[in-house]
2 protein chains.
Amino acid sequence: MNAPVNDLAALAPLEIRRLSTADAGFDAALDHLLRVPTDSDPGIAERTAAIVNDVRQRGDAAVLDYTRRFDRLDAPSVAALELGQADLKAAFEDLPAAQRQALEDATRRVRAYHERQLQACGQGFQYRDEDGTLLGQKVTPLDRVGVYVPGGKAAYPSSVLMNVVPAHVAGCGEIIMVVPTPGGERNPLVLAAAYIAGVSRAFTLGGAQAVAALAYGTATVPRVDKITGPGNAYVAEAKRLVFGQVGIDMIAGPSEILVLADGSTPPDWVAMDLFSQAEHDELAQSILLSPDAAYLDAVQAAMDRLLPTLPRRDIIRASLQGRGALIYTRDMAEACAISNRVAPEHLEVSSSEPERWEPLLRHAGAIFLGQYTSESLGDYCAGPNHVLPTSGTARFSSPLGVYDFQKRSSLIGVSAAGAQVLGRIAVTLAEGEGLQAHAQAAALRLQP
Amino acid sequence: MNAPVNDLAALAPLEIRRLSTADAGFDAALDHLLRVPTDSDPGIAERTAAIVNDVRQRGDAAVLDYTRRFDRLDAPSVAALELGQADLKAAFEDLPAAQRQALEDATRRVRAYHERQLQACGQGFQYRDEDGTLLGQKVTPLDRVGVYVPGGKAAYPSSVLMNVVPAHVAGCGEIIMVVPTPGGERNPLVLAAAYIAGVSRAFTLGGAQAVAALAYGTATVPRVDKITGPGNAYVAEAKRLVFGQVGIDMIAGPSEILVLADGSTPPDWVAMDLFSQAEHDELAQSILLSPDAAYLDAVQAAMDRLLPTLPRRDIIRASLQGRGALIYTRDMAEACAISNRVAPEHLEVSSSEPERWEPLLRHAGAIFLGQYTSESLGDYCAGPNHVLPTSGTARFSSPLGVYDFQKRSSLIGVSAAGAQVLGRIAVTLAEGEGLQAHAQAAALRLQP
């Protein structure tokens, strides 16, 4: 599996930032490290708005035009760009047996986890006051959702599973996948994942035009209620624009990992975990915190040794040198406090006593406990979702889940007796707010 | 309570739209009716961005400048604009006894409902695979939230309760309220509600400058993790701009009510319920659906009779004539189907058998069951939240709730044995995606 080392640069030691919490300028250095590089091409917003408006106006015709232009795909109709269930099934059946099995295993585990999630937090409730008044909340699945799957380099079948399975478990009536196939090239793993995860319909469409088609509907593409899934800057901007017309999931920033290590995990393992984040893209961020200085050295040495063996070493190097850091802390408790400040997307507690530190960790997308829990196991098949809040947004947001494909409605059924009690309160408050019709609506239900 | 009728216009019959589902053009007429009027002053976005950036750069000094300019309030420091707990308490204690009691009663009921909600859907879960692998999700409250409360005309103490209580029940560490006091004029009911609901700190700040101060923090105003609460177009735009830096709640459109009536509720009651929505603002929307044509006439007659008695009759008339409708349906089932298409914020099932229709209703912010359940009881004191999705967004979003002040973190603790099973799946899938470091991170944990 080791790729040949064919250049000297690959052998140069990694110049990765070293910080210590005891440094005078540590707080400022950490803030600087966490600053998210922004993609600030103002042309993207303008071009995306033009595409979205055009698709909204001209529907299928505009979708076809943009697909021709951006994906070099010339189709007679949008219907011709739809993949049938037979296409998806064939993609699955044509896979090597090991891949088929791995997809099935991963899907089964992801489904099991999300079914537990549905049981734990996807239920409504009802109760009655003594006077018979009913109060509660009902939970219903979204009718129809759209899942965006990127094409090209970043076409990840695991993303298909992680977006489609929770929608399926939530009970969404219809799940529409869009995936660009530039030049007509289809990714068989993506189609196979769509099959096994339970996509209802699939279109080989991408970019802002696909997002707009899902948000507003066209003659061929049905209008959905929510759009989830990652994409490039145009897709992100299109999702931002159609938000309100449909729901969207979060707009993800660069991916991140933070590892808290007490020194008990083999350094090679932690080095590879840091690499697995860094290999995603040059803006990805990998940070290691440890109160064991010798361990930080050992991980750095392991990184220097292992880096040349990896095909994506150039991306890894750029990511680690640009945004990575090894941070020496006073103790594990301080490392936990810093982790709460970072609110990382992925948080590994690479410790012999993870249960000791877990209660201290308040903000993180996913927490990986103990040395055997590499982030990559969570990315693919442990069960929890790999769509997680980035850029510190774990302070206020959550992993993608069944709850993102459900919505709640309050239930209120006031009894005649209840209306007497509630009516008097409402009249007083409504009059205080100067809303006389509100007060009268309550007063009319009062018995004399 | 009846205001004097001092002009003839107040006596003119309401010219409210009548539709029938049997009409040829009904679908188009309904679509037209539901179109949300958009506030499209492009200057607002530009001016708001300038304010937000200025506060981000200059902090307190900028906040003071804008407060001076927009609220005509000249303070020596932002600290001087903070209200102490003693100020809030005094506001509460100075209220007339009836208002004090009503606020206490409403708060107790709203708290009780949200505590049920916390029990029902605010909990985490954990389970173990046979091989000892731990999977789960933990739920934690947000550390610090900001609640925006509008000043002036639309200063509603009930809004304070509905935003603060769920944050409090969720266990947020600190709840910061901002409320503009133009010209220094404070609303005692708002301050009293802040006291009773449990606000931690309060600043007499408003507008985009208050939102920016909460999002980025200043020397005096602490940075929060999420901002909720309604406001004018500048506040809404500022929330849009800071989204990502902090969480925000939904950005509300005009308020709406849809009433499904089988004819069993006194027409006066339904007329007043339609008015209570319409009195909010001229863009508010009130729609009545009934399969009983004589009942529609009776409600219209009741409206004509009751309208002149209401102080806000001009707003009500403008709202009902501009955006209201009485719709004749084939039967109640068809009325329910149309309601699902509308996905209204407030949905009254004014029927003698509401439990028959409730299961058919899939999309609504809050469902009010039976003739005694006026929307106004829900607005103030039934218990459920009155912050609800508008403009059809109930298709994919939910009432404000405890869950909006919590976030979830996945928990994954893979055992040594589990790593053998999961590792093989992850290696296959990671290689399929071309991510060798992911594959290696899993492979290193495999025992030979």
Side-chain angles (χ1 to χ4, degrees), chain A residues 98 102 105-106 120-121 125 135 140 142 156 189 225-226 247 269 272-273 275-276 279 310-311 362 364 366-370 372-374 376-378 380-384 395-396 398-399 407-414 416 419 422 425-426 428-429 432-433 436-438 440-442 444-445, chain B residues 98 102 105-106 120-121 125 135 140 142 156 189 225-226 247 269 272-273 275-276 279 310-311 362 364 366-370 372-374 376-378 380-384 395-396 398-399 407-414 416 419 422 425-426 428-429 432-433 436-438 440-442 444-445:
Chain A
D105 290 345
C121 42
F125 64 95
L135 298 165
T140 40
L142 273 62
Y156 296 144
L189 270 166
D225 298 306
K226 184 165 188 168
W269 298 13
M272 199 57 82
D273 292 351
F275 286 169
S276 72
E279 79 175 333
L310 291 166
R362 288 200 318 283
I367 304 177
F368 301 79
L369 299 163
Y372 281 100
T373 315
S374 68
S376 66
L377 299 181
Y380 290 109
C381 56
R395 289 184 294 122
F396 54 83
S398 302
K407 72 285 191 304
R408 302 166 168 107
S409 303
S410 305
L411 296 174
I412 312 176
V414 178
L422 297 182
I425 304 172
T428 301
L429 294 176
E433 294 185 353
Q436 293 295 339
H438 282 69
Q440 282 296 305
L444 286 173
R445 271 105 171 163
Chain B
D105 290 345
C121 43
F125 65 95
L135 298 165
T140 40
L142 273 63
Y156 296 144
L189 270 166
D225 299 306
K226 184 165 188 167
W269 298 14
M272 199 58 82
D273 292 351
F275 285 170
S276 72
E279 78 173 335
L310 290 167
R362 288 201 317 284
I367 304 177
F368 301 79
L369 299 163
Y372 282 99
T373 315
S374 68
S376 66
L377 299 181
Y380 290 109
C381 55
R395 289 185 292 123
F396 54 83
S398 302
K407 72 284 191 302
R408 302 166 169 109
S409 302
S410 305
L411 295 174
I412 313 177
V414 178
L422 297 182
I425 304 171
T428 302
L429 293 176
E433 294 185 353
Q436 292 296 341
H438 282 69
Q440 281 296 304
L444 285 173
R445 271 110 170 156

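The chains referred to below are lettered A, B, ... by the order of the sequence lines, with proteins before strands, and numbering in each begins at 1. Quick caveat, the model's predicted, so the values are computed rather than measured. The figures that follow rest on heavy atoms only: side chains count, while hydrogens, waters and symmetry mates do not.
The line from CG of A/Asp225 to CZ of B/Arg395 is 4.5 Å long, rounded to the nearest 0.5 Å. If you take CG on B/Leu377 and OH on B/Tyr372, they are separated by 12.0 Å, rounding to the nearest 0.5 Å. Between B/Gln440 atom CD and A/Glu279 atom CD the span is 10.0 Å, to the nearest 0.5 Å.
With chain B as partner, the option from A/Asp105, A/Leu369, A/Ile412 having the largest number of non-hydrogen pairs under 4.5 angstrom is A/Ile412. Options A/Leu189, A/Leu444, A/Leu135 differ in how many heavy-atom pairs under 4.5 Å they form with chain B, and the most are formed by A/Leu444. Ranked by heavy-atom pairs under 4.5 Å with chain B, the first of A/Ala382, A/Ser374, A/Ala98, A/Gly413 is A/Ser374. Considering only heavy-atom pairs separated by less than 4.5 Å from chain A, the leading option among B/Pro399, B/Ala106, B/Gly432 is B/Pro399. Among B/Ala419, B/Ser376, B/Ala120, B/Gly378, the residue with the largest count of heavy-atom pairs under 4.5 Å with chain A is B/Ser376. Of the listed residues A/Gly370, A/Ala442, A/Gly383, the one with more heavy-atom pairs under 4.5 angstrom with chain B than any other is A/Ala442.
Proximity to chain A involves both the backbone and the side chain of B/Leu422, based on heavy atoms less than 4.5 angstrom apart.
The minimum heavy-atom distance between A/Met272 and B/Ala441, with the atom names listed, is CG-N, 3.4 Å. Shown here for B/Lys407 and B/Leu142, the closest heavy-atom pair between the two residues is CD-CD1, 3.8 Å. Shown here for B/Tyr380 and A/Leu429, the closest heavy-atom pair between the two residues is CD2-CB, 3.7 Å.
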